[in-house]
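What follows is a single structure, written as structure tokens, with notes after it.
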Amino acid sequence: MEVRTRFAPSPTGYMHIGNLRTALYEYLIAKSQGGKFILRIEDTDQERKVEGAVEVIYNTLKMTGLNHDEGPDIGGEYGPYVQSERMGMYMDYALELVEKGKAYYCFCTKERLDSLKASNEHGDAFARYDRHCFNLSKDEVKANLEEGKPFVIRQLMPNEGTTTFDDVVYGSITVDNSELDDQILIKSDGFPTYNFANVVDDHTMKITHVVRGSEYLSSTPKYNLLYDAFGWDAPTYIHLPPVMRDAQHKLSKRHGDKSFEDLISEGYIVEAIMNYIALLGWSPSDNQEIFTMDELIKKFNISGISKSPSIFDIKKLTWMNGEYIKAMDFDKFYELAESRLKEAVKTPGIDIKFIAELLKSRLETLNDINEMIDFVDNLPEYGTELYIHKKMKTTEEIALKSLKAAVPVLEAHDNWTNDSLYECLMGLAKDMEFKNGQILWPVRTALSGEPSSPGGATELAVILGKDETIKRLNKGIELLEAAK
RNA sequence: GGCCCGAUGGUCAAGCGGUUAAGACACGGCCCUUUCACGGCUGUAACCCGGGUUCGAUUCCCGGUCGGGUCACCA
């Protein structure tokens, strides 16, 4: 049988990292077995409707390469794929259950339900419905309906025995049926509850593997009973442990955790994000860590999914992002970095591409760019202690000598390329009987005004050009003289 | 509170009755080097606790602790 998984997000306007990982796993489970990945939009909550939110979902799937085989935008055999467009069917299915004696009308008012809860000794959250309306006779039900009394339809749970289901990652789980509440299937406004719509949709869309967060683990017996009531085969369940911010909190946008688009705008690479979240809760049978999507499809297996929650570690993502940047071919990197480079360097005539080459192996995120090269436009204020470097064997005195010697030599030098400049300064070091570092470190420092820079002395000289280089060298001399 | 689930270094994680308990991130050190970064080498650091079962438990069973989830006319 063909494997069919579905991603069923609510359009909230952003892509939550936990949801994205769920989508990834759903995609991988389907694709690793040659199956189909379906997109269904769960927009029944009209109050939470957000403008443009569905587009965010389409865009994210497109960007990440999680291409769906069926969905609202591309159609398919089992549509519609937007839940709000499927409203007609749920009532019929619910009535079918009433017919079969597996569900019943309930006319209880909110007030009665509330008082039921209030009288519960364990607190209002723990009260189960008392089946008051299950005892209504056919005639009473009929009379109520004719009267136009508002009603809901409830699922009739067995009051004895246990229900067991198998989850691929958590194994066999059994609960007492007495724990199960007669949950509402159809609300008084005629709309289905999520629980009911989900089962009907998954079945009618022929979903074979239901992949979702572990928060649904405890309601799964109810779903299974629903499948049984209809006489349908239940799908294979794959529950996923949550992605956490720390040991006790799930990742949540509301508490300031980053969404997918936040990460992108902070300079993270799509592929790195996907690679990283693939490893949050799943591990391959070998030690591979860097994966292309195709490799993931090939290597993904459900048995590698873990049961325990994982904490989202931005540091490891950042490391991985750096790996992706380093491995990327230059043209692609330049394309991604260009706007940030141009934002960071405004001085005309600067060779941005050359800077990009220097930066590529030094960046962890694209957002590091600005901070790393803002010295190009403006030499920062710096103290002369920067000239002191133990390993380079430099002191302020040596630095002053170096800079003073370097200025005339460089003024006379015309071939302003890295190799030529390097040769030139090395020659100077030799003439002065200085160590290489004793020339190069002071020059680098004078040119950048920073303790570290994305290139050495000669590279910075190339970036800045001859005039600016001489100017900054003289500035360095001035500062060192003043510090004497 | 009832029920369900989980627990290996700071983090991600391998492990599936016998191991010197992998690997990665982070952190420290060393090397390379014109700083930084890259690269290479290296170090610190873990089986939640108590009972069983067993010749032998990180691994299996039971109890506890801690953490999470769930118990809506929300999804």
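Protein chains get the first letters and strands the later ones, always in sequence-line order, with residue 1 at the start of each.
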Applying salt bridge (charged side-chain N to carboxylate O under 4.0 Å, His left out) as the test, list every pair that has at least one member in [range]; sequence neighbours left out.
| range | result |
| --- | --- |
| residues 190-202 of chain A | A:Arg6-A:Asp202, A:Arg40-A:Asp201, A:Arg40-A:Asp202, A:Arg86-A:Asp201 |
| residues 308-326 of chain A | A:Glu289-A:Lys316, A:Glu323-A:Lys326 |
| residues 365-390 of chain A | none |

Side-chain N or O of [X] versus OP1/OP2 of [N]: is the shortest distance under 4.0 Å?
| X | N | answer |
| --- | --- | --- |
| A:Lys391 | B:rU34 | no |
| A:Lys222 | B:rC4 | no |
| A:Lys315 | B:rG10 | no |
| A:Tyr170 | B:rG6 | no |

If pairing requires Watson-Crick or G-U wobble contacts with both distances under 3.5 Å, which nucleotide is the partner of [N]?
| N | answer |
| --- | --- |
| B:rA37 | none |
| B:rC60 | B:rG52 |
| B:rG6 | B:rC66 |
| B:rG43 | B:rC27 |

Salt bridge check, [Y] against [X]: does any charged N sit closer than 4.0 Å to a carboxylate O?
| X | Y | answer |
| --- | --- | --- |
| A:Asp228 | A:Lys102 | no |
| A:Asp167 | A:Lys307 | no |
| A:Glu357 | A:Lys353 | no |

5'-most contact on RNA chain B (nearest-nucleotide basis), A:Thr109 vs A:Asp176, goes to A:Asp176
Between [N] and [M], how far is it from one [atom1] atom to the other, in whole Å?
| N | M | atom1 | result |
| --- | --- | --- | --- |
| B:rU11 | B:rG56 | P | 33 Å |
| B:rG40 | B:rC61 | C1' | 48 Å |
| B:rG39 | B:rA26 | P | 10 Å |
| B:rU8 | B:rG23 | C1' | 14 Å |
| B:rA7 | B:rU44 | P | 28 Å |
| B:rU35 | B:rC30 | P | 15 Å |
| B:rG10 | B:rC48 | P | 12 Å |

B:rA75, B:rU35, B:rU34: which one has an atom nearest the side-chain heavy atoms of A:Tyr216?
->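 For the A:Tyr216 side chain, the nearest candidate turns out to be B:rA75.
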What nucleotide among B:rA75, B:rG2, B:rU34 has an atom nearest to a side-chain atom of A:Glu42?
->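 Selected nucleotide: B:rA75.
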Taken in chain and number order and not counting sequence neighbours, the residues that satisfy side-chain hydrogen bond (donor to acceptor under 3.5 Å, both in side chains) with A:Ser219 are none
Distance check needed: [N] [atom2] versus [X] [atom1], whole Å only.
| X | N | atom1 | atom2 | answer |
| --- | --- | --- | --- | --- |
| A:Asp181 | B:rC3 | CG | C1' | 13 Å |
| A:Lys360 | B:rC36 | NZ | C1' | 17 Å |
| A:Gln155 | B:rA72 | CD | P | 14 Å |

For A:Glu271, enumerate each residue passing the side-chain contact (heavy atoms from CB on, under 4.5 Å) test, keeping only those at least two apart in sequence or located in another chain.
->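 By the side-chain contact (heavy atoms from CB on, under 4.5 Å) rule, A:Glu271 matches A:Ile269, A:Tyr324, A:Lys332.
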side-chain contact (heavy atoms from CB on, under 4.5 Å) with A:Thr292: which residues, sequence neighbours excluded?
->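 side-chain contact (heavy atoms from CB on, under 4.5 Å) list for A:Thr292, sorted by chain: A:Asp294, A:Glu295.
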Scan [X] against the nucleic acid and name what it touches under 4.0 Å (heavy atoms): base, sugar-phosphate only, or nothing.
| X | result |
| --- | --- |
| A:Asn436 | nothing |
| A:Asn195 | base |
| A:Met392 | sugar-phosphate |
| A:Lys326 | sugar-phosphate |
| A:Cys106 | nothing |
| A:Thr458 | base |

Please list, one pair per line, the donor and acceptor atoms closer than 3.5 Å that link side chains of residues 152-159 of chain A to other protein atoms, with sequence neighbours excluded.
residue	atom	partner	partner atom	Å
A:Arg154	NH1	A:Asp182	O	2.9
A:Gln155	OE1	A:Gln183	NE2	2.7
A:Gln155	NE2	A:Lys222	O	3.3

Nucleic acid contacts of residues 237-255 of chain A, taken as heavy-atom distances under 4.0 Å to RNA chain B =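 Only A:Ala247, A:Gln248 qualify.
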Results of ring pair (Phe, Tyr, Trp, His ring centres under 6.0 Å) for A:Phe300 - residues two or more places apart only =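 Here the qualifying residues are A:Tyr25, A:Trp282.
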Atom pairs under 3.5 Å, N or O on each side, protein against nucleotides 11-13 of chain B: can you list them with distances?
residue	atom	partner	partner atom	Å
B:rC12	OP1	A:Ile311	N	3.1
B:rC12	O2'	A:Leu279	O	3.2
B:rA13	OP1	A:Gly281	N	2.6
B:rA13	OP1	A:Ser310	OG	3.1
B:rA13	O3'	A:Ser283	OG	3.2

Any donor and acceptor pair, going by atom type alone, linking the side chain of A:Glu179 with main-chain N or O of A:Asp176 inside 3.5 Å?
->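 No: the side chain of A:Glu179 does not pair with the backbone of A:Asp176.
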If only atom types and distance count, is the side chain of A:Asp181 paired as donor or acceptor with the main-chain N or O of A:Tyr129 below 3.5 Å?
->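 Yes; at least one donor-acceptor contact below 3.5 Å.
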Ring-on-base stacking B:rU35 with A:Trp441 (under 5.5 Å, under 30°) | no
Short N/O separations, protein against nucleotides 60-65 of chain B, under 3.5 angstrom:
none

Tabulate below the donor-acceptor pairs under 3.5 Å that side-chain atoms of residues 444-465 of chain A make, not counting sequence neighbours, or state none.
residue	atom	partner	partner atom	Å
A:Arg444	NH1	A:Ser448	OG	3.2
A:Arg444	NH1	A:Glu450	O	3.3
A:Arg444	NH1	A:Ser453	OG	2.8
A:Arg444	NH2	A:Glu450	O	2.8
A:Arg444	NH2	A:Pro451	O	3.2
A:Thr445	OG1	A:Trp441	O	2.8
A:Ser448	OG	A:Arg444	O	3.0
A:Ser448	OG	A:Glu450	N	3.2
A:Ser448	OG	A:Glu450	O	3.4
A:Ser453	OG	A:Gly455	O	2.8
A:Thr458	OG1	A:Asn418	ND2	2.7
A:Glu459	OE1	A:Gly456	N	2.7

